[in-house]
Amino acid sequence: MARRRIGMREICCSPKSSSKSHDSPNSPSTSLFSSPSRFSFSPSRPSFSDSVMNRTLEMAEPMIMKWDPDTTNYAKVTSLFYESRGEANDFIKGVFNLQKAMHFHSMENSKSDKLVRAQSLMQIAMKRLQKEFYQILSMNRAHLDPESITTVSSRTSTRSSLSEFEEEEEDDRIVAVAGESISEVEDVSNVAMADLRLIAECMISSGYGKECVKIYKVIRKSIIDEAIYRLGVEKLSSSQVHKMDWEVLDLKIKDWLRAADVAVKVLFNGERILCDHVFLSNDSIRESCFTEISKDGSMILFSFPEIVAKNCKKSPEKVFRLLDMYTAIAEHWPEIEAIFSSDSESVIRSQALTSHDKLGESIRTALAEFETVLQKESSKTPIAGGGIHHLTVDVMDYVTLLADYSNVLPDILAESPPPAKGSLPESYFGIADTNDSPAPAISLRFAWLILILLCKLDGKAKHYKDVSLAYLFLANNLRYIIVKVRSSNLKYLVGENWISKHDEKVKQFASNHERLGWSHVIESLPREPNTSMTPQEVKEIFKRFNSSFEQAHRKYSMCMVSDSNLRDELKISITEKLLPTYREFYNKHRNTIVKERHSAHVVRFSPEEVGHRLSDLFFGPIELERCLSFEFSPSR
């Protein structure tokens, strides 16, 4: 059959044909067909993908093999990125080009030997990049610590915004200062971060993202976990916290407060910045990587407040540590929400919120306990000399410290109704608390606590047998309360009208003390001291004055008025009412008595001596022991 086909092609192709030509192998027509130049095909030309693949292999293979750690000692001990950054960039470009060529070639011939060779080179290159990635992360631990990263990011942002918006003169100054402040550490951090991103993008695009991420997670997680430990935060069980002495737990809470600030602002923020930078090209890898690195450390950090809130013994003095932790979470919440923003990190956000809520519950319980203890306080022993009661000191210390948390207390107490309007006297704030202009709920709460204290003090004043001392006691304690209010955040909560209103009450109490305690001294002198009198009448007046003045001086020199302003106000008022009258009487009638025997026993005080004695009033004895029997003492 084949022979017949040839015969037909011969007939078609030859102009001459004879029967002889079939039988003679040496005929001209036979030599024509057997000629290779006429009927043999030359070798086929390589395709475009073959050409690309060949050229890419020729360029990539020497470079990749040079850095194969399994073939040369040089490649084993030398870092590509530290040795030559230019060569490192060429290496990365070569790998990218090899990857593209492989993809292009596989579409035409997926079983090509060239693909096998290229894949082998790719594995060697990835092994090299894994080594470089590990070395950069390991050798730059100090330069890639979260604080350095956060500083670099912050300064970069600051320089960028300033260069855009500040005036030219200010720009020059800022740029000069910024140029001096950028340290070598920051330069190294920037370079290392850029190299890590370059390698990560190359490995991920080449299908080796899993290997890259594994190295990153192991090294960076160890840094986060170690940092949390160094910050003094450790994983504690509920039973451990429950059995812990308050002094020990208090120290751990202080450690946590410092750690929370550093961890949120620096540690986790810096790690988020680094992770976002290195894995910028892949959202899923970026989020999963950061979650796995930060989850254990952040859960230990944010679970601690919840464990404390649930297991520490509830008492009023511990509320301030709880408030500190509550405030820390509240203030850092925007940052927590931004750093742990992905769905995979929702468990971390949830833990922070749970701790926040549990702290709020414990604070409400502690404040309710404080109010209960205050209302049940029932000591009846009067304070010597009408001085400041320990209850006043302790309650006001507690309340003024609470006022420092007035930014978070409204949220904490939102679930607890404020005191009913009927429980506070009308115009307690100096202005009417009406429906048209209601006092803030937080102000009502603080005013209510102070009112309970004032009521307690009114009750304690009734235990004084000397009514003048009772009024001095009330003036002393109310002035102490006002001073504490005026010198703290309470002044913003209860308002100037409240302060003015109660200042007037202090003046009333002081006036009542003066009237009841000194009126008999003042009344011992005649209203008209210049009136003519018999020697006997003069003698009786001097004796009466001596007796009443000595009695009052003896009593009130033992009294302590701690507030210097109130002390001066009392002395000035008493002196103005007593001394001018006595001086006038003394100057007018002294000579009448001096001529008699024993006149020194009658005229015992000169006006100057009376003035000196009055100036010594209300300083109290040198030392007054302060008996503290109240059941709580605020501490921070």
Side-chain angles (χ1 to χ4, degrees), residues 383-387 464-476 479 503-504 506-624:
I383 298 297
Y464 284 95
K465 294 179 181 179
D466 186 335
V467 181
S468 68
L469 279 179
Y471 279 115
L472 183 63
F473 169 80
L474 291 173
N476 251 331
R479 174 57 64 88
D503 258 335
E504 288 300 318
V506 172
K507 292 177 182 178
Q508 291 174 14
F509 292 147
S511 176
N512 289 339
H513 161 73
E514 179 186 313
R515 177 174 54 81
L516 294 170
W518 291 89
S519 59
H520 68 291
V521 181
I522 297 169
E523 290 170 0
S524 68
L525 297 170
R527 292 186 179 181
E528 299 294 337
N530 286 321
T531 305
S532 297
M533 299 180 188
T534 66
Q536 187 61 34
E537 288 175 332
V538 171
K539 187 184 296 186
E540 289 299 323
I541 290 173
F542 269 117
K543 286 182 178 180
R544 195 163 59 241
F545 174 81
N546 294 341
S547 174
S548 59
F549 180 73
E550 280 188 326
Q551 179 188 5
H553 179 267
R554 189 182 309 112
K555 180 190 296 184
Y556 298 118
S557 63
M558 295 299 292
C559 294
M560 168 70 77
V561 177
S562 301
D563 183 70
S564 60
N565 290 328
L566 178 60
R567 184 169 60 244
D568 291 343
E569 288 166 12
L570 281 167
K571 289 192 292 186
I572 290 171
S573 179
I574 294 169
T575 301
E576 287 177 347
K577 290 180 175 64
L578 180 62
L579 190 56
T581 303
Y582 181 73
R583 179 181 284 110
E584 193 173 345
F585 178 79
Y586 177 90
N587 292 335
K588 175 70 176 176
H589 301 287
R590 174 178 175 274
N591 292 331
T592 305
I593 305 299
V594 168
K595 298 174 183 177
E596 298 186 6
R597 291 181 61 190
H598 309 297
S599 63
H601 294 288
V602 177
V603 185
R604 296 178 58 186
F605 303 106
S606 68
E608 289 72 20
E609 189 174 358
V610 170
H612 287 316
R613 292 209 176 194
L614 288 175
S615 67
D616 292 337
L617 291 174
F618 307 120
F619 283 102
I622 296 174
E623 287 189 34
L624 285 175

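- In this structure, K571 and F619 approach most closely via the heavy-atom pair NZ-CE1, 3.5 Å.
- D616 places no side-chain N or O within 3.5 Å of a backbone atom of S557 that could act as its donor or acceptor partner.
- Taken from OG in S511 to CG in L570, the straight-line distance is 10.0 Å, to the nearest 0.5 Å.
- Closest approach of D563 and R479 over heavy atoms only: OD2-NH1, 3.0 Å.
- In the model, E504 has no side-chain atom that pairs as donor or acceptor with a side-chain atom of Q508 under 3.5 Å.
- Put simply, the side chain of L525 reaches to within 4.5 Å of the side chain of L578, judged on heavy atoms.
- Residues passing the salt bridge (Lys or Arg N to Asp or Glu O under 4.0 Å) test with K543: none are found, sequence neighbours excluded.
- At least one donor-acceptor pair under 3.5 Å links the side chain of N546 to the backbone N or O of V602.
- Panel note: side chain R567, backbone V561; a donor-acceptor pair is recorded below 3.5 Å.
- When all heavy atoms of T531 and H589 are compared, the pair lying nearest together is O-CE1, 3.1 Å.
- One finds the NE2 atom of H520 at 10.5 Å from the CZ atom of F549 (value rounded to the nearest 0.5 Å).
- Taking each heavy atom of S548 and S524 in turn, the nearest pair found is OG-OG, 3.6 Å.
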Original post:
After noting the C-alpha distance and the side-chain angles of F545 and T581, does the key distance pass the side-chain contact (heavy atoms from CB on, under 4.5 Å) rule?
Top reply: CA-CA 11 Å; F545 174 81; T581 303; over 6 Å; no
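- Proximity of F542 to Y586: side-chain heavy atoms (C-beta onward) are separated by under 4.5 Å at one or more points.
- E537 is linked by a salt bridge (Lys or Arg N to Asp or Glu O under 4.0 Å) to nothing, counting only residues two or more places apart in sequence or in another chain.
- Counting only heavy atoms from C-beta outward, the side chains of V506 and E569 never approach each other to under 4.5 Å.
- Contact between A510 and A475 at its shortest, heavy atoms only, is N-CB, 4.1 Å.
- The distance from the CG atom of D568 to the OG atom of S573 is 12.0 Å, given to the nearest 0.5 Å.
- Looking only at side-chain heavy atoms (C-beta outward), L614 and W518 come within less than 4.5 Å of each other.
- When atom types are taken as modelled, the side chain of Y582 and the backbone of I522 share no donor-acceptor pair closer than 3.5 angstrom.
- Between H513 and the options F473, Y556, Y471, a ring pair (Phe, Tyr, Trp, His ring centres under 6.0 Å) holds for only Y556.
- Side-chain contact check for L566 versus F618: every heavy-atom pair is 4.5 Å or farther apart.
- The environment of CD in E609 is crowded: more than 12 heavy-atom neighbours from other residues, nucleotides or ligands sit within 6.0 Å.
- The CD1 atom of I383 lies 11.0 Å from the CG atom of N476; values are rounded to the nearest 0.5 Å.
- Closest approach of C559 to L469, counting heavy atoms only: SG-CD2, 3.5 Å.
- Rounding to the nearest 0.5 angstrom, the gap separating the CD atom in E514 from the NZ atom in K507 is 13.5 Å.
- Heavy atoms from other residues, nucleotides or ligands lying under 6.0 Å from NE2 of H612 number 12 at most.
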